[in-house]
**Q** 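Can you read through this structure? Questions will come right after.
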2 protein chains.
Amino acid sequence: MIQNDFLIEIQLVGLTSRLKRLTDNILYSTKDFYKAVGVDIEPNWHLIFLLLKKHRELTVTEISERLQMSHPAIVKIIRNMKLKDYIGTKTDTTDSRKQLLYLTTKAELALPQLEKCWEACILTMEELLEGNEFFLKNLELIEEKIGKKSYKERTLKNLNRL
Amino acid sequence: MIQNDFLIEIQLVGLTSRLKRLTDNILYSTKDFYKAVGVDIEPNWHLIFLLLKKHRELTVTEISERLQMSHPAIVKIIRNMKLKDYIGTKTDTTDSRKQLLYLTTKAELALPQLEKCWEACILTMEELLEGNEFFLKNLELIEEKIGKKSYKERTLKNLNRL
DNA sequence: TACATTTGCGTAACTAGTTACGTAATTTAT
DNA sequence: ATAAATTACGTAACTAGTTACGCAAATGTA
């Protein structure tokens, strides 16, 4: 049991901050893990690797849609992956606005080691979810609700009812 | 049901990213909400307000411990709150390293309106957790596990077992 | 009392996301 | 065929967190 934790003490009020704290914790712990293993990638490169492995070539917009993140976020990630030579780009021949992204040979060669790391990450998630079988389903429920009507809209409506 | 969501498709692999996506979504939606209501504060000021309302005076270190965040994070938040004149500081008389933080009159006057906003936020969380009564308990379980042994340590051990 | 250690907090540099804006290429509409 | 609207993506400026480092004040120790 965590002692003296204000966020737990204040219950529902602290829930969003606890979620943020947890995800931040995992984020920086993952960085730490990569560093310890001597792998020179950032946590948020993981899904880009997976997407490009599966689809060979994707544009910035396609990736941002599939990950449901803003396109500038993807642009930033891609820039760093390019700097480390994990990603290459070429302009689409039929639409010169589009940048086709693909994994470089360096990336392909690194994949086996990376995939082992990611497997270890999955094992950790399984550990953390042990006795928590509904967590994923519960999360999906929340995602669905928020997808249908945003947190902001809901809160505005709730405020007007007070 | 969310369509074509790569993060859901890949199951456990996408879980941490989904949690991050959810907390980011709530974060920016909360900003949006404050803006819509015409309240000039940031989401992460909320807990500082609550702590200082409860304890009158706290130091940077005390706040960072209670929220379990790094002290530079608190320093940054406080700086912005000071710029908007919601927080005042005075140097501790017995230990001149310590900065005592307190809510200004402007903050005290703003509190009633803010508290109404936060009440609306709680109602929203209740909505989102409807049919999800175990979510909080489940979250606490994960926090406990990660508190005992970090995500990094767990993953390193899992990697060695592969 | 002098010196080493610890504590408090501030800054710098970094990743990580957002919204807002701009521009060029493509598509649509008139 | 030309003008308008849309799309793709890049940049800027912002909040939000971290780790690493530095310095001065306080504390512990010889």
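In what follows, every chain begins at residue 1, and chains take the letters A, B, ... in the order their sequences are listed.
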**Q** Please determine if B:Asp92 and B:Lys98 form a salt bridge, counting it only when a charged side-chain N lies under 4.0 Å from a carboxylate O.
**A**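 Salt bridge between B:Asp92 and B:Lys98, a charged N being under 4.0 Å from a carboxylate O: no.
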
**Q** Specify the residue among A:Lys35 and A:Lys76 whose closest nucleotide of DNA chain D lies further upstream toward the 5′ end.
**A** A:Lys76

**Q** Check whether the ring centres of B:Phe135 and A:Phe135 lie less than 6.0 Å apart, and answer yes or no.
**A** yes

**Q** Under the 3.5 angstrom rule, does the side chain of A:Lys145 hit a backbone N or O of A:Tyr151 as a donor-acceptor pair?
**A**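 Not a single qualifying donor-acceptor pair exists.
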
**Q** For B:Thr61, report the nucleic acid contact type (base, sugar-phosphate, nothing); a contact means any heavy atom under 4.0 Å.
**A** sugar-phosphate

**Q** 5'-most contact on DNA chain C: A:Tyr28 or B:Tyr28, nearest heavy atom basis?
**A**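 This one resolves to A:Tyr28.
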
**Q** List in numerical order all residues of residues 90-98 of chain B for which some heavy atom is under 4.0 Å away from an atom belonging to DNA chain C.
**A** B:Arg97, B:Lys98

**Q** Under a 4.0 Å threshold between the charged nitrogen and the carboxylate oxygen, would B:Lys31 count as salt-bridged to B:Glu42?
**A** yes

**Q** First and last nucleotide of DNA chain C in contact with chain A, 5' to 3', at under 4.0 Å to a heavy atom: what are they?
**A** C:dT15 to C:dT26

**Q** Looking at A:Lys53 and A:Glu115, is any side-chain nitrogen of the basic one under 4.0 Å from a carboxylate oxygen of the acidic one?
**A** yes

**Q** In this structure, how many angstroms lie between the P atom of D:dT7 and the CD1 atom of A:Ile74, rounded?
**A**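 Whole-Å distance recorded here is 19 Å.
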
**Q** Any side-chain heavy atom of A:Leu50 within less than 4.5 Å of one from A:Leu47?
**A** yes

**Q** How far does CD1 of A:Ile74 sit from CD of A:Glu65, to the nearest 0.5 angstrom?
**A** 10.5 Å

**Q** By the 4.0 Å heavy-atom rule, please label A:Pro72 as base, sugar-phosphate, or nothing.
**A** base

**Q** Let me spell it out: for each of A:Asp24 and A:Val60, pick the nucleotide of DNA chain D with the closest heavy atom. Which residue's pick is nearer the 5' end?
**A**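 Mapping each residue to its closest nucleotide by heavy atoms, the 5'-most match is A:Val60.
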
**Q** In terms of relative ring orientation, are B:Phe49 and B:Trp118 parallel, tilted or perpendicular, with 30° and 60° separating the classes?
**A** tilted

